[in-house]
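A short worksheet on the structure shown next.
Side chains included, hydrogens not; waters and symmetry mates left out as well; all remaining heavy atoms used.
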Amino acid sequence: MEKIRVAIADDHPTVLYALGNLIQQDPRFAVVASLKSSTELIRFLRDEPTVDIVITDFTMPDDGMYGDGVRYVKYLLRNFSSKRFVVYSDCVNPSMVFSLYDYGVSAVVLKNHELTELVLALSRIVDGGVYYPPGINREDLRMFTKNLHSISPRELEVLRQFSRGLPLKTIAADLNRSIKTVSTQKRSVMRKLDIATDQLLMEFCLNANLF
């Protein structure tokens, strides 16, 4: 039986070793590459189109060409659509996790969970499914996507201005609305996204690359 070819990318050598060693213990898989940056991974995928599953860290800040985070993940999904992607992440913000599934990844494995979750994720992918971390399921994703799409154009404009770091008074003046109206629209967005604080709302805007 032909083994499933897996490529791993992470900027920490110890993590690369641990992930590779774990996966190699499963006879279904063959680790064909362990790469230290997003640039190395993308070059490898261009040269080796037969890779089946890609496991990549979400945060690889030392790479200036393709970056990391949402921009990097969306690039991978857009340019290597035949692969199944597993994002290995220390980001536990539910909004960010849901966004990654919305973009099209097959699994998000959180670093604060047991490493064996990675094997469960790979098994789910091999079976043709999508893996969700403990505490997150398909219904949660569906509701998040529905809530994101429920934001009105006027609320979205407030969110766009807020994501630039502007105070409510400035936003209200720019949009020719009262401060009370702008404040109400921002609170409505937070309620729809189930986000409790301004800091988490700002993190969501930046991480989800909304604007």
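A donor-acceptor pair under 3.5 Å is absent between the side-chain atoms of E48 and the main chain of L45, judged by distance alone. Using modelled atom types, one side-chain atom of K83 and one backbone atom of P49 make a donor-acceptor pair closer than 3.5 Å. Judged purely by atom type and a 3.5 angstrom limit, D52 uses its side chain to pair as donor or acceptor with the backbone of R5. Within the 3.5 Å criterion, the main-chain N or O of K36 finds a donor-acceptor partner in the side chain of E40. Under the 3.5 Å distance criterion, the side-chain polar atoms of D127 are left unmatched by any main-chain donor or acceptor of G129.
To the nearest 0.5 Å, atom CD1 of residue I8 and atom CG of residue D10 are 9.0 Å apart. Of the inter-residue distances, the one linking I195 atom CD1 with R187 atom CZ reads 15.5 Å to the nearest 0.5 angstrom. The CG atom of D11 sits 9.0 Å away from the OG atom of S37 when rounded to the nearest 0.5 Å. Interatomic distance, H12 NE2 to T59 OG1, rounded to the nearest 0.5 Å: 9.5 Å. Put simply, CG on L156 and CD on Q185 are 11.0 Å apart, with the number rounded to the nearest 0.5 Å. I4 CD1 to I23 CD1: the interatomic distance, rounded to the nearest 0.5 Å, is 11.0 Å.
Closest heavy-atom contact between V109 and A121: CG2-CB, 3.8 Å. The two residues A7 and L41 come nearest to each other via the heavy atoms CB-CD1, 4.4 Å. Minimum interatomic distance between S106 and V130 (heavy atoms only, all atoms of both residues): O-CG1, 3.2 Å. Of all the heavy atoms in L100 and F58, the pair that sits closest is CD2-CE1, 3.8 Å.
Every side-chain contact (heavy atoms from CB on, under 4.5 Å) that P134 has, sequence neighbours left out, goes to H113, E117, Y131.
Screening L200, L201, L159 against M190 for a side chain to side chain contact (heavy atoms under 4.5 Å, CB included) leaves a single residue, L201.
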Determine whether V87 and D57 satisfy the following criterion, side-chain contact (heavy atoms from CB on, under 4.5 Å), listing intermediate values before the conclusion. CA-CA 6 Å; V87 174; D57 192 0; over 6 Å; no
Can S123 and R28 be said to form a side-chain hydrogen bond (donor to acceptor under 3.5 Å, both in side chains), step by step? CA-CA 9 Å; S123 296; R28 297 173 297 174; 2.8 Å; yes
Show your reasoning for whether salt bridge (charged side-chain N to carboxylate O under 4.0 Å, His left out) applies to E155 and K192. CA-CA 11 Å; E155 291 170 343; K192 290 176 180 179; 2.8 Å; yes
Stepwise side-chain contact (heavy atoms from CB on, under 4.5 Å) test for L120 and T116: CA-CA 7 Å; L120 296 177; T116 51; 5.7 Å; no
Report the C-alpha distance between L168 and K186 in whole Å, list the side-chain angles of each, state the deciding distance to 0.1 Å, and finish with yes or no for side-chain contact (heavy atoms from CB on, under 4.5 Å). CA-CA 9 Å; L168 293 185; K186 181 174 73 69; 3.9 Å; yes
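A heavy-atom distance below 4.5 Å is found between the side chains of I42 and F80. Residues V86 and T56 form no side-chain contact, since every pair of their non-hydrogen atoms from C-beta on lies 4.5 Å or further apart. The shortest side-chain heavy-atom distance between D90 and L110 does not fall under the 4.5 Å cut-off. In this structure, Y132 and Y101 have side chains that are in contact, with non-hydrogen atoms separated by less than 4.5 Å. Using a 4.5 Å cut-off on side-chain heavy atoms (C-beta onward), V158 and R177 make contact. Side-chain contact between F85 and L76: present, with at least one pair of heavy atoms (C-beta onward) separated by less than 4.5 Å. Using a 4.5 Å heavy-atom cutoff, the side chains of D198 and M202 are not in contact. Inter-residue side-chain proximity for L115 and Y88 is flagged as met; some heavy-atom pair is nearer than 4.5 Å.
Taking a 6.0 Å sphere around OH of Y75, one finds it holds more than 12 heavy atoms contributed by other residues, nucleotides or ligands. Within a 6.0 Å radius of CD in E114, no more than 12 heavy atoms belonging to other residues, nucleotides or ligands are found. Within a 6.0 Å sphere centred on CD of Q25, heavy atoms belonging to other residues, nucleotides or ligands number more than 12.
Classification of R160 and E157 as a salt-bridged pair holds, one side-chain N sitting under 4.0 Å from a carboxylate O.
Judged purely by distance below 3.5 Å, without hydrogens or angles, the side chains of T184 and T181 never pair a donor atom with an acceptor atom.
For the pair K3 and F29, the cation-pi criterion (under 6.0 Å, within 45° of the ring axis) is not fulfilled.
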